[in-house]
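Shown next, in structure tokens, is the structure this report addresses.
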Amino acid sequence: MNFRIYIAAAVVAIGITSCSGVRNCVDPQLDIPTALAGNSTDSITAADIAWMDFFQDPQLVEIIRQTLEHNRDFLAAGARVEEMRELYGVSKANFYPTLDFNMYGNHETNDYHGKPHVDDPEYGLKGTLAWEADLWGGLKWARRKGGADFRASVEQERAMRITLIAEVASAYFRLLALDNELQIARRTLFTREENLKKAKLRFEGGMTPETVYRQAEVEYATTAALIPGIEGRIDIQKNAISLLMGRFPEENIARGTILLRDSIRQTLPVGLPSQLLERRPDIRGAEAKLQAALADVGVAYANRFPSIRIGLTGGWENDDLKSFFQSPFTYVVGSITGTIFDFGRKKRKYKAKIAAYDQARLAYEQTVLTAFHEVDDAVTSLNKVNLTCDKRRELLEAAQAYARLAYRQYNAGAINYIDVLDAQRRFYDAQVGMSNALRDQSLAIVNLYKALGGGWSLPKNK
């Protein structure tokens with residue numbers, strides 16, 4: 001299966017190149033090129049497959065599930081989403097009036113020189129209904145910023161989810177490859193142990209020189225020395241998976257015996273339409289941050305003008321509790337608050353927000369370009385790894401035939417034992433190479449899945 005991507009026009013059009021004034025700033029809209037070649041009519045693509053269906057190994061699915069439930073970084077990202085949700089609620093509530101109550105009582109005594117002692121008590125119960133007129137749009141821009149910050153936190157959580165899934169899957173496939181390599185080494189060690197016994201018997205019987213026996217001994221010791229190193233790498237990989245799962249180091253990590261290629265390679269489609277890049281959380285998050293930066297410009301622009309606040313106060317106030325409720329009063333207050341001279345502070349803050357917006361715009365453009373390159377690199381890598389797997393399979397078959405033939409010819413006396421050892425070494429290397437190629441293929445598929453932003457459902461209302 002071959003995967004190809006052609007990018008016809010990787011141009012990000014967001015409508016502006018600078019922001020000289022809030023009315024010249026427009027909300028960014030992602031305009032991703034629609035010309036990624038391939039069959040764009042495919043009904044399903046890699047990114048459309050839910051991760052629990054994409055990874056068909058039950059043990060891996062359970063590990064990913066445990067990771068998403070217990071990984072501390074992911075849980076912190078979820079808490080961040082809740083924080084931004086509540087702050088967004090605060091920004092929306094600023095549109096509504098506030099109602100404050102004040103209940104007080106004081107007893108003042110006046111004893112001035114030459115005048116009689118006077119008691120001056122006062123009791124009051126007042127309520128104030130206040131509302132700020134959003135004439136310049138400051139509250140509106142603040143609400144937009146709160147919504148954009150909230151969306152950005154959601155996309156960050158999704159990005160972390162995809163990253164965790166990819167990291168766990170990659171670590172799992174490396175662990176499977178190490179398990180396979182350990183089995184190959186143990187099988188090879190068993191074969192070389194048998195060869196060593198035969199070489200010793202032949203040497204002691206005077207049928208072969210000591211050199212043959214020592215060669216078999218060296219090959220056996222060389223293979224035996226490989227096993228502790230592989231076992232150590234397996235333990236380290238298991239610890240890495242345990243850490244991702246939010247657990248202390250564990251002796252046993254449940255795992256299967258197959259690699260990803262064996263179960264889902266044929267489910268990946270040829271067509272990779274560019275619209276899939278719109279689902280990437282990093283792009284959507286960068287777009288939300290750009291919108292938040294734009295809203296910050298709007299808030300700074302509105303803050304340059306005076307604020308108008310209207311207040312209505314009503315209640316009761318009296319110096320005698322007996323007739324307290326017989327003395328109601330009300331009054332309305334309107335205030336305009338603004339700075340006459342601030343030596344350019346608000347203007348400079350406004351210009352600073354414009355500069356921050358330009359930074360967010362450039363970061364957004366760079367994110368889109370990076371996404372295109374990552375997908376193209378992932379597809380290219382998968383293509384090459386697939387070719388490598390095919391060649392490694394041919395090499396493995398040839399090396400296995402070579403080892404069998406060499407052993408038969410040695411028993412027939414046609415070749416030397418060193419030729420048998422050479423054939424066995426080549427067969428061992430071919431087995432390990434094939435295992436690593438399958439591992440690399442699985443890692444390439446996981447990388448492509450991550451690059452396409454797979455593993456979560458795209459909202460219907462973007």
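All values below come from the heavy atoms of this structure, side chains included, with hydrogens, waters and symmetry mates left out.
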Hits for ring pair (Phe, Tyr, Trp, His ring centres under 6.0 Å) against F95, two or more places apart or cross-chain, chain-then-number order -> none
Using the rule given for side-chain contact (heavy atoms from CB on, under 4.5 Å), can you reason through D422 versus Y402, listing the C-alpha separation, both sets of side-chain angles and the distance that settles it, and then say yes or no? CA-CA 10 Å; D422 179 70; Y402 175 36; 3.2 Å; yes
I need the full list of side-chain hydrogen bond (donor to acceptor under 3.5 Å, both in side chains) pairs touching residues 237-249, with sequence neighbours left out, sorted by first then second residue. Q66-R247, R247-E250
Counting only heavy atoms from other residues, nucleotides and ligands, does the tally under 6.0 Å from CZ of R304 exceed 12? yes
Using a 6.0 Å cut-off, check whether atom CZ of R309 has over 12 heavy atoms from anything other than its own residue. yes
Determine the minimum heavy-atom distance between [X] and [Y], stating which atoms define it.
X    : Y    : result
N94  : L139 : O-CD1, 3.6 Å
V385 : Q441 : CG1-CA, 3.1 Å
G78  : E157 : CA-OE2, 3.5 Å

Pairing donors with acceptors under 3.5 angstrom, does anything connect the side chains of N303 and Y350? no
Looking only at side-chain N and O atoms, does R192 offer a donor or acceptor that is under 3.5 Å from a partner on T223? yes
Not counting sequence neighbours, which residues clear salt bridge (Lys or Arg N to Asp or Glu O under 4.0 Å) with D100? List them please. none
Who pairs with K349 by salt bridge (Lys or Arg N to Asp or Glu O under 4.0 Å), at least two apart in sequence or on another chain? none
Between D429 and R425, does any NZ, NE, NH1 or NH2 come within less than 4.0 Å of an OD or OE carboxylate oxygen? no
Under-4.0 Å salt bridge between R280 and E155: no
Show every salt bridge (charged side-chain N to carboxylate O under 4.0 Å, His left out) that has at least one partner inside residues 180-191, sequence neighbours left out. E181-R233, R186-E231
Would E374 and D377 count as a side-chain contact (heavy atoms from CB on, under 4.5 Å) here? Give the steps. CA-CA 5 Å; E374 287 180 354; D377 291 345; 5.7 Å; no
Show, in sequence, the C-alpha distance, side-chain angles and deciding distance for L176 and R439, and conclude whether the side-chain contact (heavy atoms from CB on, under 4.5 Å) test is met. CA-CA 8 Å; L176 289 186; R439 175 204 62 196; over 6 Å; no
If we ignore hydrogens and angles and just use 3.5 Å, is the side chain of R72 paired with the main-chain N or O of H70 as donor and acceptor? yes
Spacing of NZ belonging to K126 relative to OG1 belonging to T313, to within rounding of 0.5 Å: 8.0 Å
Sequence-distant partners of R392, side-chain contact (heavy atoms from CB on, under 4.5 Å), two or more places apart: T388, L395, M434, A437
